[in-house]
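Heads up, the thing below is written out as structure tokens.
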Amino acid sequence: MNVVELMEWLAEQGCSVVFKADGERAQGRRWMVIVTGGALGAEGFFRADLSSAEACAEAVLEHLAKQQISPFT
């Protein structure tokens, strides 16, 4: 699942999603993802600062799996 597909699926679940690339940050932490609300619940919040968009997407998928939420079902 690519980043755009994941963002689309999360939006369909009522989540707000932000993916950001920031060239001013140190290499290894240039990408950020934030997911809030929707399937995560009213107080649900997830953030990761990692080295790539793919790593951020994987972190989101791992977090969703811990919450027993999956785009693959």
Side-chain angles (χ1 to χ4, degrees):
M1 173 171 274
N2 69 41
V3 171
V4 173
E5 290 172 332
L6 179 57
M7 290 180 71
E8 287 175 349
W9 182 84
L10 287 165
E12 290 170 1
Q13 307 309 304
C15 296
S16 295
V17 185
V18 175
F19 266 92
K20 178 183 176 187
D22 189 342
E24 293 183 5
R25 295 176 82 187
Q27 193 169 7
R29 295 284 227 195
R30 288 192 174 154
W31 286 87
M32 177 188 70
V33 61
I34 298 173
V35 182
T36 61
L40 297 181
E43 301 297 320
F45 178 85
F46 175 78
R47 176 180 174 158
D49 298 273
L50 299 167
S51 61
S52 69
E54 293 81 13
C56 286
E58 285 297 318
V60 170
L61 291 170
E62 288 173 13
H63 180 75
L64 291 172
K66 290 178 186 174
Q67 305 296 316
Q68 298 181 335
I69 303 168
S70 174
F72 305 113
T73 58

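- A55 approaches L50 most closely through the heavy-atom pair O-CD1, 3.4 Å.
- Between the CD atom in Q67 and the CG atom in L40 there is a gap of 6.5 Å [rounded to 0.5 Å].
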Stepwise side-chain contact (heavy atoms from CB on, under 4.5 Å) test for V60 and V17 = CA-CA 10 Å; V60 170; V17 185; over 6 Å; no

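- S51 and W31 get closest at one heavy-atom pair: O-CD1, 3.4 Å.
- Taken to the nearest 0.5 Å, the CZ atom of R30 stands 10.0 Å off from the CD atom of E24.
- L10 and F45 fall into different hydrophobic clusters, defined by Ile, Leu, Val, Met, Phe, Trp and Tyr side-chain heavy atoms under 4.5 Å apart, directly or through other members.
- Annotation: the span from D49 atom CG to R25 atom CZ amounts to 4.0 Å, rounded to 0.5 Å.
- Rounding to the nearest 0.5 Å gives a distance of 10.5 Å between CG of N2 and CE of M7.
- Considering every non-hydrogen atom in both C56 and F19, the closest pair reads CB-CE2, 3.5 Å.
- Distance check, rounded to the nearest 0.5 Å: CD1 of I69 to CH2 of W9 gives 6.5 Å.
- Nearest heavy-atom pair across G37 and C15 is O-SG, 3.3 Å.
- Once rounded to the nearest 0.5 Å, the distance linking OG1 of T36 with CZ of F46 reads 12.5 Å.
- Considering all non-hydrogen atoms of both residues, V33 and V35 come closest at CG2-CG2, 4.2 Å.
- Clustering ILVMFWY residues whenever any of their side-chain heavy atoms sit less than 4.5 angstrom apart, transitively, puts L64 in the very cluster that holds V3.
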